[in-house]
Amino acid sequence: MAEIKELRCVVGGCRYAPDEVRYTCPKHGELGALDILYDYDRLRAGLDRDAISASAISDCWRYKPLLPLAADAIVPPLAVGGTPLYAAPRLARHLGLERLWVKDDGANPTGSLKDRASALVLARALELGIGIVSTASTGNAAAALAGLGASLPDMKTVIFVPAAAPAAKIAQLLIYGAQVLLVEGSYDDAFEICMAICAEAGWYSRNTGVNPFTTEGKKTVALEIAEQLNWTAPDVLAVSVGDGSIISAVYKGFRDLIELGWLDKMPRLLGVQAEGSSVLAQAFLSGAAPEAVRRGRANTIADSISSELPRDRAKALRAVRSSSGAFITVSDEAILAAIPTLARLSGVFAEPAAAAALAGLERAAKEGLIAADESVCLLSTGNGLKDVARARQAVGAGRRVAADLDAVRQALNEARLL
Ligand SMILES: *Cc1c(COP(=O)(O)O)cnc(C)c1O
Ligand SMILES: [Zn+2]
């Protein structure tokens, strides 16, 4: 376990004692997301990376010494994290790169990286003695909370999702037995409603950009990538961005390792947004401060990165700017096309929002943002089975054939297999 030293506001550097504030900075409101910081000298003195590498625990709890939990904290029993990092030489060649890895976070228990945040938030709720945890979500954060909540006795979860979320995601929530409210509005509508009800009812809020434990949970993906690369960082890490919470957490994970002296550099973070939901990319390009970011439009097939007002905007802009990274936007057509490209050249089936990272890499490589000899990690954030309708849109419904050998032979002949 890592003892929290202080909470620090990303906007004004305001500092708080560990138990002083639960969500965002009282002075800077919702924009003032908090960083959970540790006494790094003390951590370094008591722990080294070899001890982590020797851990017999293969899921994200192998990093418990770097997480804000008591050593004996109860955590959900499902195996969150410990996801594979695949070398992807054919995909690298497609991009004109020499070295590329795909981190497949779609392999998590509920199919997305969001499990990492939900697992830590639920563990924290147990520490706080709160029995109801709630979130608004475009789908994956909700599925993660519902699924991991269902793995614990006596834990209730209440979910607010847009009624238009993909069918598989809604089915997941209902299957896990969460209390689900399908809000007839946007994700942003669901978010505001959830925030208000959590405050009113005293439930623990897992909401992105609000609860600092979400960042700490998601940072474990960066810790894993560094360890899987033998305690080095790639030159560039590409990740899709909606609310900006994942990219912020990736930054925090690498930052913690650098503070500990376990890693010597921060990768350049490439944030990929859909053209139709690109508030952060625009703010980055115009050099805007987080305070100046205004609500925009959100219209993309990649529902997991659809956000009118990215909730973790302050942390996300900091992550990209201080890593000398960049934001890039991609069209829905490019996102759809990236799904089969990723699957066929690496074997990883990603949902649209996750495949967007590949579409962004394609564009970044073409525009010279990445040199051929740089090492690159593509973070695939969610499983392709989450949104089969969009996957079918990319590849069609498949070829039908009569149950007849001659017809089959002819079809195989046309496919040049016979
Ligand atoms: C949530 C999510 C994202 C975007 O993460 P943000 O923290 O909102 O930027 C990307 N891909 C998938 C699959 C997600 O579920
Ligand atoms: Zn503040």
Side-chain angles (χ1 to χ4, degrees), residues 7-16 20-21 23-35 103-106 108 110-118 135-145 161 165-166 169 172 187-188 191 207-210 214-215 217-219 221 238-252 269 271-274 277-281 290-291 298 300 302-317 319-320 327 335 339 349-358 360 378-387 390:
L7 306 171
R8 197 180 298 167
C9 162
V10 61
V11 177
C14 322
R15 300 156 89 151
Y16 301 95
E20 205 177 339
V21 177
Y23 301 120
T24 56
C25 172
K27 219 189 280 174
H28 289 94
E30 218 187 90
L31 188 65
L34 298 175
D35 280 315
K103 175 71 168 169
D104 183 15
D105 248 45
N108 272 301
T110 78
S112 86
L113 186 147
K114 301 292 198 295
D115 282 347
R116 298 176 185 274
S118 292
T135 196
S137 166
T138 57
N140 285 340
L145 185 64
V161 282
K169 295 184 181 180
Q172 246 185 322
Y187 162 58
D188 296 80
F191 190 97
N207 280 311
T208 290
V210 173
T214 60
T215 309
K218 288 172 184 167
K219 85 175 180 189
V221 76
V239 57
S240 55
V241 173
D243 276 328
S245 173
I246 294 178
I247 200 166
S248 307
V250 166
Y251 175 80
K252 174 63 159 56
L269 300 181
V272 183
Q273 290 213 285
S277 176
S278 58
V279 165
L280 283 171
E291 294 87 336
T300 169
D303 60 292
S304 298
I305 50 172
S306 182
S307 174
E308 292 167 8
L309 181 64
R311 301 294 162 172
D312 240 335
R313 52 198 179 278
K315 280 186 182 174
L317 286 170
V320 171
F327 271 104
I335 291 172
I339 299 174
F349 181 20
E351 70 165 273
L358 173 58
L378 185 164
L379 179 48
S380 182
T381 43
N383 195 300
L385 293 172
K386 290 273 194 172
D387 193 351
R390 293 299 180 186

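For the single chain, residues carry numbers from 1 onward in sequence order. Whatever order the structure lists them in is the order used to number ligands and atoms, beginning at 1.
Regarding atom 8 (O) of ligand 1, its nearest protein heavy-atom neighbour is D243 N, 2.8 Å. In terms of protein heavy atoms, atom 3 (C) of ligand 1 is closest to K114 NZ, 3.5 Å.
Heavy-atom contacts of G244 reach the following atoms of ligand 1: 6 (P), 7 (O), 8 (O), 9 (O) (cutoff under 4.0 Å). For ligand 1, the atoms lying closer than 4.0 Å to a non-hydrogen atom of E351 are 13 (C). Which parts of ligand 1 touch S245 is read off a 4.0 Å heavy-atom cut-off, strictly below it: atoms 6 (P), 7 (O), 9 (O). Contact atoms of ligand 1 toward G382: 13 (C) (distance under 4.0 Å to a heavy atom of the residue).
Comparing heavy-atom distances from atom 10 (C) of ligand 1 across S112, S240, A142 singles out S240 as nearest.
Residue I305 places a heavy atom under 4.0 Å from ligand 1.
Backbone and side-chain nitrogen or oxygen atoms of V241 are examined, and none is located within less than 3.5 angstrom of a nitrogen or oxygen of ligand 1. Between A353 and ligand 1, no pair of N/O atoms sits closer than 3.5 Å.
The atom of H28 nearest to the Zn ion (ligand 2) is ND1, with the search restricted to N, O or S atoms.
Put simply, the side chain of K315 gets close to the backbone of L34: a donor and an acceptor are under 3.5 Å apart.
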